[in-house]
Amino acid sequence: MVLVEIDNHQTWNAFVSSSQQGSVYATTWYHEAIGMDHKMLAVKNNDGIIAGTILAYRSGNWGSGPLQKYTGILFGKIWWEDFHTSERY
């Protein structure tokens with residue numbers, strides 16, 4: 001696994017759409033619409049993005065943007081999602 005900055009907005013927004021934690025507030029177009037600089041950080045493995053977050057830049061600091069407290073860390077598909085509850089125990 002490796003921590004990377006995602007530069008491609010289409011890749012990031014597709015990840016947000018596919019994540020169970022996905023929200024409009026985690027999309028690049030939301031941050032652009034409210035005029036906030038942003039960057040996307042993700043943990044990737046060979047299968048793609050497994051977790052990530054979008055950070056907003058305001059008042060000289062990187063942090064969360066307006067309403068981003070409703071998003072936090074987003075998770076991608078993880079290997080154990082394919083198991084039924086009864087198979088896990």
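Predicted, not measured: the structure shown is a model, and the values here were computed from it.
- Classified by interplanar angle (parallel below 30°, tilted 30° to 60°, perpendicular above 60°), the ring pair His38/His9 is tilted.
- Formation of a donor-acceptor pair under 3.5 Å by the Trp12 side chain with backbone atoms of Ile54 is not found in this model.
- Rounded to the nearest 0.5 Å, atoms OG1 (Thr53) and CZ (Phe75) are 10.0 Å apart.
- No donor-acceptor distance shorter than 3.5 angstrom exists from the side chain of Glu5 to the backbone of Leu41, with no hydrogens or angles considered.
- No hydrogens or angles considered: a donor-acceptor pair under 3.5 Å links the side chains of Asn13 and Thr28.
- The main-chain N or O of Tyr30 is found under 3.5 Å from a side-chain atom of Thr27 such that the two form a donor-acceptor pair.
- At least one side-chain heavy atom of Ile6 sits less than 4.5 Å from a side-chain heavy atom of Lys44.
- How far CE of Met1 is from CD1 of Ile50: 5.0 Å, rounded to the nearest 0.5 Å.
- Side-chain atoms of Val16 and Leu74, non-hydrogen and from C-beta on, do get closer than 4.5 Å to each other.
- Remark: the backbone N or O of Gly76 is not paired with any side-chain donor or acceptor of Ser19 at under 3.5 angstrom.
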